[in-house]
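Written below as structure tokens is the structure these notes are about.
A, B, ... follow the sequence lines: proteins, then strands. Residue 1 opens every chain. Computed over heavy atoms, backbone and side chain alike; hydrogens, waters and symmetry mates excluded.
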Amino acid sequence: MDIKYSPKNLEASIYKKWMDNNCFSAKDLKSNYSIVLPPPNVTGTLHMGHAFQHTIIDILIRYNRMLGKSVLWQPGTDHAGIATQLVVENNLAREGKTRHDIGRKGLIDEIWKWKEKSGNTIISQTKRIGSSADWSRNRFTMDDGLSDAVKKVFITLYNEGVIYRGNRLINWDIKLQTAISDLEVTNVEKIGYLYHINYEIKDSEEILTVATTRPETLFGDTAICVNPNDERYKNLINKKAKLPLTDRLIKIISDDSIDMDFGTGCVKITPAHDFNDYKLGKKHNLEFINILNKDGTFNNNVGDKFKGIGIHESRELILTELKNMGLLGKIEDYKTTIPMGERSGEIIEPLLTDQWFMKMEDLAKPAIDAVKNSNIKFVPKNWEKIYFNWLDNIEDWCISRQIWWGHRIPAWFDKDDNIYVGNDEDEIREKYKINQDIELIQDNDVLDTWFSSALWPFTTLGWPENTEELKKYYPTSVLVTGFDIIFFWVARMVMMGIKFLDKVPFKTIYIHGLVRDSEGKKMSKSVGNVIDPIDIIDGIGLDSLTEKRISNLVQPKLKNKIIKKTKDEFPDGIQPYGADALRFCFCALGSTGRDISFDLKRIEGYRNFCNKLWNASRFVYMTTNDYNYEDKIKFDDLTTYEKFIIIKLDDLVTEYKKHCTSYRFDLMANSLYSFIWNEYCDWFVEISKVEIDNKNEYTKNVLIYTLQIILKLCHPIIPYITEEIWNEMNSLGYTKDQILMNAKFPSQQKIFKDDAIDIEVSLLKEFINKIRKTRSDLNVHPKIKIDLYCFSKHDLIQKFLSNNNSIICSLLKVETIYINEDSFDIDECITVSLENLKIYIPIKNTIDIKTEKERLLKSMINLKVNLSKIEAKLNNKNFIEKAPSEIIQSNFNKQKFFEKEIASVKDLLECLSD
RNA sequence: GGGUGAUUAGCUCAGCUGGUUAGAGCACCGCCCUUACAAGGCGGGGGUCGUAAGUUCGAAUCUUUCAUCACCCA
């Protein structure tokens, strides 16, 4: 092993070793464990969120593989329709081209090229993180097999009437010129205005004032609506009003749903351009007038004056016109929510178009039941509520998109718009007996990306073929994903899984948080706070990092701000921390599903931990290389501390397993960290040096044994370093297993707990800690050896002192320990007392008596406060009567403890006054 | 408007089936380059657990109020 731990040098070769030895593919074993990777979008590169998710999955996968299960991690990528097409269109735009210049086939060819590039980057990044996915089974949502499955599902659902074509109001993205689903729309709160517009009433002198936030949709109005109980307007119901800027007369209707307190209590109804109005329009049989072209400009249904103007540009013009006509009343400030397209960032317009829909209600029911009946469990459980809430109120899903990249809808139309659904044109002609002279045209639209994603857990396993993999690995064991796609993806997979395989797609859904930057902000390209996980692994200079962050900025004006912020946060760029440190960090941050603020300071600590493990291993190998390791531990032959470490190690295995099955990765990481650093390194390794000096050869066996188990426990989290250290373990002949990732996970030994061991070890630690503290308090130089005079009448204590004599001497830099039953006078000494034991330390140096006294007085106060708290409790009659006896007893013990502490501090103080 | 979660040390977070002297890592202070490790060792300081009330012998933990923040749905 190298003297220095440098992750960069070892990680590449280790991954290759695993690949060469075919470690990632599933072995045919009895019990199965499988996870499908949430397929990353082929829109570019992986971000921190992916790295986090992949780490969690890899931990579960490696752990279960070591448990001896037949494990499949199914990887793949998603074509991500709109998102990917946008990326490629943006690239075209840089060359001054649009998709229309190169046509449908040309664009799709371009996107496939992009997909190759991006897909490969994603795979190599995923590998770099250490993911042990079965790459031989890598899938893409637009692979032939998966595409066939998509068609089959569409056709089946169409034939069952679940998928239908309808003319409905949908969310229309005028920039992308496609329909999008409700989920792809985000509502942004904005300060806007409420405009009051006056309408003349037909055959009347009266004026009706309507309040609206969207005056520009006026051309599509087909009614005015008031509340039937509104006394102000009762007389106007069923009369007609003149629609400004047009010649049309529209009806005044009434409906209970109108809020009398909103605006004037009088609202305009635009059934073809507003979701609420759409419902009212249906209910009251109103006319639906579409006023928009697909690109968001006004069509022929508005007057010539406004035709061709973009709806978002038209408001001012219309208001001016209304004002000139004297029809514009007051304008109030008003907070509104504006629907924005998630991908395009454009304002979304409701538009009446022909689209394909999926009926959801019947599909949702079994998906709800599956979670209610605990066939699927959410971890953490509170996400169930969100899941139920959405499914309980589910609306039909608009599945067609007017873009080019994706699964083309397997439907054909003849010239009379009759619909034929099937796998291909030939099949349809044959089935419906349509001869060649009737022209059939395939629907131009493609399916929503999430349609194919919803099938991912079974299409990747070969469905609709009943493959061995499908039988073996479906349902998968757990889904690891973020809460942001519970509706988009998770719920739909559950519905489709139950529908087509009659079984839920996974038994557990582990929901993790989002990775944010160190200030808790969402990492986003436009803010310029993105960190590439690979840059943390391999390191990056400040210049390259800055360059990455400011290239292709959406808002170039932020450039200087981003440059400055990056320089402030990473003055020297990012060091190469290695994949293991990053993984351990993610593991330690993987608590109960809350968001993660990612701070490089944290990862540095875990890199140091890896370094610690590295050096501890080096120590073990250096001290044992001449030793004949025996695989089994002869427990009875061990020293007390050796027994202690073996018991602790066993506890660690138990704890680890518990945390892993309850998805508490943070606790798992913490228990490993503290055992290895604070128990194994700080105590056991130090003590082993003493033992080895004393010719206790067997302690080497314990060193190696413990390290072996530590490596196994650590491996799922930090696979590279552990594999490398294991390599040495194997070449030294300490194990026959050549590859750690294939080794068997340690089983619990269930060694009997022995109280005497605990007592002796805690006494040893207390003894050492106290003297260390005293040394430090008295400012005794670490190199100076001291003598200890110990006085105790207790046999056990005397035995303890002689048993642990060399450990104490070594760890405390003690020359000689004098043991005696009775105390005697020694000049110039400090007293330290433990239970049933008094220790004198002759002071050879002068000490700063004043500071020391102050310190002792302070701790005295602290102790007295604590004691008085306990005493107050014990003097409380109610406490004695009502509290359980063990609590009372423990308080008595505490009382005793504090009294003793106080006495000992008092002793020390007296010593100092002499 | 409805919902969910959060608020604990300077920072990031554990702890919440009520009983610990309220923990960890990082940061900070002191001593030490001791033969695995200065990416280290040893020691130390630092928190009235967001606010106000309630239940209880006992509340960071349970109930309620308010405040602030974040997210989701409409």
Side-chain angles (χ1 to χ4, degrees), chain A residues 1 3-6 182-183 186-187 275-276 337 380 382-383 385-386 389-390 393 483-484 486-487 513-514 516 518-522 575 577 581 585 588-589 591-623 664 666-667 669-671 673-674 677-678 681-682 685-686 688-689 768-769 771-784 810-813 851 855 858-859 862-863 865-867 869-870 872-884 886-888 890-891 894 897-898 901:
Chain A
M1 277 173 71
I3 289 178
K4 208 171 148 49
Y5 165 60
S6 46
D182 305 345
L183 291 174
T186 44
N187 292 304
F275 285 99
N276 286 324
T337 49
N382 51 323
W383 293 107
K385 241 185 182 174
I386 307 221
N389 188 33
W390 187 68
N393 303 297
F483 59 81
D484 49 334
I486 289 180
F487 308 145
L514 257 41
R516 297 166 176 280
S518 60
E519 291 167 13
K521 284 198 201 114
K522 205 169 169 175
Q575 284 180 52
Y577 290 104
C585 188
L589 292 168
S591 70
T592 48
R594 54 192 272 179
D595 286 358
I596 287 171
S597 301
F598 193 87
D599 194 338
L600 277 179
K601 287 276 168 50
R602 190 96 189 230
I603 199 174
E604 192 173 331
Y606 294 120
R607 191 268 323 261
N608 295 354
F609 171 75
C610 290
N611 186 53
K612 189 79 180 173
L613 179 62
W614 182 264
N615 283 302
S617 307
R618 276 182 54 234
F619 167 79
V620 172
Y621 296 147
M622 281 160 68
T623 47
R664 285 302 302 268
D666 57 333
L667 300 179
N670 287 342
S671 51
Y673 186 101
S674 65
W677 203 310
N678 307 125
C681 292
D682 289 350
V685 166
E686 292 310 316
S688 76
K689 291 175 187 169
I768 290 171
N769 286 337
I771 309 290
R772 271 177 177 166
K773 182 160 158 43
T774 311
R775 281 188 71 126
S776 169
D777 289 345
L778 302 180
N779 236 332
V780 179
H781 191 279
K783 274 185 174 160
I784 292 176
S810 166
L811 297 198
L812 286 174
K813 288 271 183 308
T851 0
R855 194 189 63 79
K858 204 174 160 193
S859 81
N862 190 24
L863 287 167
V865 167
N866 279 316
L867 179 64
K869 273 191 207 159
I870 303 278
K873 245 188 218 179
L874 291 172
N875 292 332
N876 184 343
K877 234 199 314 186
N878 284 326
F879 175 72
I880 301 293
E881 278 169 15
K882 293 187 179 169
E886 64 268 23
I887 298 294
I888 297 174
S890 84
N891 275 283
K894 279 180 214 162
F897 170 80
F898 284 122
E901 285 289 297

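- Comparing atom distances between the Cys681(A) side chain and each of rU21(B), rG19(B), rA36(B) picks out rA36(B) as nearest.
- Asp682(A) comes within 4.0 angstrom of sugar-phosphate atoms only, judged by non-hydrogen atoms across all strands, and of no base.
- Relative ring orientation between Tyr606(A) and Tyr673(A) is described as perpendicular, the plane-to-plane angle rising above 60° on a 0-90° scale split at 30° and 60°.
- Taking only distance into account, the side chain of Glu686(A) meets the base of rA36(B) through a donor-acceptor pair shorter than 3.5 Å.
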Problem - Stepwise side chain to side chain contact (heavy atoms under 4.5 Å, CB included) check, Arg516(A) with Ile596(A) - result: CA-CA 6 Å; Arg516(A) 297 166 176 280; Ile596(A) 287 171; over 6 Å; no
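- Taking atom C1' on both nucleotides, rA38(B) is separated from rC33(B) by 7 Å, rounded to a whole Å.
- The pair Glu686(A)-Lys689(A) meets the salt-bridge criterion, with a side-chain N (NZ, NE, NH1 or NH2) lying under 4.0 Å from an Asp/Glu carboxylate O.
- Among the protein residues, Arg607(A) comes within range of the nucleic acid bases, having at least one heavy atom under 4.0 Å from a base atom.
- With a 3.5 Å ceiling on both atom-pair distances, the Watson-Crick or G-U wobble partner of rC28(B) is rG44(B).
- Spacing of C1' atoms, rU61(B) relative to rU7(B), comes out at 15 Å, to the nearest Å.
- The side chain of Lys4(A) has rA39(B) as its nearest neighbour among rA39(B), rG19(B), rC37(B).
- Without hydrogens or angle criteria, Asp595(A) side chain to Leu514(A) main chain gives a donor-acceptor distance under 3.5 Å.
- Across all strands, Tyr673(A) comes closer than 4.0 Å only to sugar-phosphate atoms, never to a base (heavy-atom distances).
- Distance noted for atom C1' between rG43(B) and rA53(B): 43 Å (whole Å).
- Using a 4.0 Å heavy-atom distance criterion, Lys612(A) is classed as a base contact.
- At a threshold of 4.0 angstrom between heavy atoms, the contacts of Lys689(A) include nucleobase atoms, whether or not backbone atoms are also involved.
- Among the nucleotides rC33(B), rU4(B), rC72(B), the one closest to the side chain of Lys783(A) is rC33(B).
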Extract from the structure each pairing of a protein N or O with an N or O of nucleotides 13-17 of chain B at less than 3.5 Å, listing the distance.
residue : atom : partner   : partner atom : Å
rA14(B) : OP1  : Ser591(A) : OG           : 3.2
rA14(B) : OP1  : Arg594(A) : NE           : 3.2
rA14(B) : OP1  : Arg594(A) : NH1          : 3.4
rA14(B) : OP2  : Arg594(A) : NH1          : 2.8
rA14(B) : O3'  : Arg664(A) : NH2          : 3.3
rG15(B) : OP1  : Arg664(A) : NH1          : 3.1
rG15(B) : OP1  : Arg664(A) : NH2          : 3.3

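- The residue Gln575(A) sits apart from the nucleic acid: no heavy atom pair falls under 4.0 Å.
- Within 4.0 Å of Val620(A), counting heavy atoms only, lies no atom of the nucleic acid at all.
- Here Lys385(A) reaches the OP1 or OP2 of rU4(B): one of its side-chain N or O atoms lies under 4.0 Å away.
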